[in-house]
There are 2 protein chains.
Amino acid sequence: MIIDLNKLLERHHIRKTECRKEMLAYFYKKKYAISFPELEKAMHLHDRTSVFRNLVYFEEMGFLHKLNDSEGIAKYALCEEKCFGHLHKDEHIHFTCTNCNNTFCLKEKKLPEIKLPKGFFMESFSIVAKGICLGCSSKK
Amino acid sequence: MIIDLNKLLERHHIRKTECRKEMLAYFYKKKYAISFPELEKAMHLHDRTSVFRNLVYFEEMGFLHKLNDSEGIAKYALCEEKCFGHLHKDEHIHFTCTNCNNTFCLKEKKLPEIKLPKGFFMESFSIVAKGICLGCSSKK
DNA sequence: AATTTAATTGCAACAATGTTGCAATTAAAA
DNA sequence: TTTTAATTGCAACATTGTTGCAATTAAATT
């Protein structure tokens, strides 16, 4: 799958800076959710402040969603098509692999129904599982 | 419900220091999960390092379990009876209230069954919901 | 009750993560 | 090419989490 990052930025009227293009390219290349420290190291040519601000900006624009992996580490992952603006529709389980330490969005499965006790009113919820991922379990 | 903290510490052969007694008393008083910053401020007579080390220690001893609230903030909550050592059996939903910002353990409800795609093997999972809690919804 | 000893504390120092203000730079509109 | 508004990089800082170590203290031992 080849995605034209220039088009993506243009469509949303976002300035195509080197920093942003590099960041998005990194997200499209990796198949897992990226932590700030990892991205910071990968974007060595750019200041960590700019990288961080763009993460937040991309999240607001609906390109990325923020999540916490099973260890509570904040990570960002590419959103699904149906997300726009801050109206995220990333309704899937996140899965952290205890072997490779990567966190994946499991879009294949529907979320279960969650029931709360009387008096509690739910706006949203998240599920983070941990264990061994497909990549690690298929390696001998 | 009155819990004899001295007995609790004795039973586990843990030294009854002022710091630890204050910390546990705070946990028994509050009905929600406590963040490190909150506890640090409440334990103003003791050094933050000691408070933090005891949090980790209590977690290892099976008194407290660590969780991340819906905003990813690390919090600690009292464990259920059946937890001992690091073999935590806190199988319940956590709920963060967007009004009072507190996080509760919802022990009343069973956890749903979680299904993963082929190739993913689950060791554990957590569910964090957010919305309005019982306390806030019952106030007009 | 005094002594011993091993656990615990407080302090200092630090690492990692997240955030702000602002002047200089740059993308893209005019 | 010029203008201008967004973006960047820098410095500085706040918060959260962590380590080493000497001083202190709980409780076991005499």
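Scope of the values below: all heavy atoms of this structure, side chains included, with no hydrogens, waters or symmetry mates. In what follows, chains carry the letters A, B, and so on, assigned in the order in which the sequence lines appear, proteins first and then strands, with residues in each chain numbered from 1.
Legend: residues meeting salt bridge (charged side-chain N to carboxylate O under 4.0 Å, His left out) with B:Glu123, ordered by chain and number and at least two apart, are absent. For A:Phe52, the ring pair (Phe, Tyr, Trp, His ring centres under 6.0 Å) partners at least two apart in sequence or on another chain are A:Phe36. Residues passing the side chain to side chain donor-acceptor pair (under 3.5 Å) test with B:Tyr57: none are found, sequence neighbours excluded. Listed by chain and residue number, A:Phe95 satisfy the ring pair (Phe, Tyr, Trp, His ring centres under 6.0 Å) test with B:Phe120 (two or more places apart in sequence, or in another chain). For A:Arg53, the side-chain contact (heavy atoms from CB on, under 4.5 Å) partners two or more places apart in sequence, or in a different chain, are A:Thr49. Partners of A:Tyr76 by side chain to side chain donor-acceptor pair (under 3.5 Å), not counting sequence neighbours: none found. With sequence neighbours excluded, the residues forming a side chain to side chain donor-acceptor pair (under 3.5 Å) with B:Lys130 are B:Glu71, listed by chain and number. Considering only residues two or more places apart in sequence or on other chains, A:Asn99 meets the side-chain contact (heavy atoms from CB on, under 4.5 Å) condition with A:Cys97, A:Ile132, A:Cys136.
Between A:Lys66 atom NZ and C:dT17 atom C1' there is a gap of 10 Å when expressed in whole angstrom units. For the pair A:Asn54 CG and C:dT26 P, the interatomic distance rounds to 16 Å; values are reported in whole Å. B:Met23 places its CE atom 13 Å from the C1' atom of C:dT9, with the value rounded to the nearest Å. Distance, B:His13 NE2 to D:dA26 C1': 15 Å, rounded to whole Å. One can place CD of A:Glu18 at 11 Å from P of D:dG9, the figure rounded to the nearest angstrom. Rounding to whole angstrom units, CZ of residue B:Phe52 and C1' of D:dT15 are separated by 12 Å. When the C1' atom of D:dA6 is taken as reference, atom CD of A:Glu10 falls 17 Å away, rounded to whole Å. Going from atom CG of B:Asn68 over to atom C1' of C:dT17 covers 14 Å, rounded to whole Å.
In terms of phosphate contacts, B:Ser50 brings a side-chain nitrogen or oxygen within less than 4.0 Å of OP1 or OP2 of C:dG10. Between A:Thr49 and D:dG9 there is no side-chain N or O to OP1 or OP2 distance below 4.0 Å.
The backbone N or O of B:Tyr28 lies less than 3.5 Å from a partner atom in the side chain of B:Lys31, making a donor-acceptor pair. Distance alone, capped at 3.5 Å, places no donor-acceptor pair between the A:Ser35 side chain and the A:Lys75 backbone.
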Report all interatomic pairs (protein N or O, nucleotide N or O of nucleotides 27-30 of chain D) with separations under 3.5 Å.
residue: D:dA27; atom: OP1; partner: B:Lys16; partner atom: N; Å: 3.1

Polar pairs (N or O, both sides) under 3.5 Å between protein and nucleotides 22-25 of chain C?
none

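At a non-hydrogen distance threshold of 4.0 Å, B:Leu45, B:His46, B:Asp47 from residues 35-48 of chain B come into contact with DNA chain C.
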Below 3.5 Å, can you tabulate the donor-acceptor pairs from side chains in residues 39-46 of chain A to any protein atom, sequence neighbours excluded?
residue: A:Glu40; atom: OE2; partner: A:Arg48; partner atom: NE; Å: 3.1
residue: A:His44; atom: ND1; partner: A:Ala42; partner atom: O; Å: 3.3
residue: A:His46; atom: NE2; partner: A:Glu22; partner atom: OE2; Å: 3.2

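In this structure, C:dA23 and D:dT8 make a Watson-Crick or G-U wobble pair, each of the two defining distances being under 3.5 angstrom.
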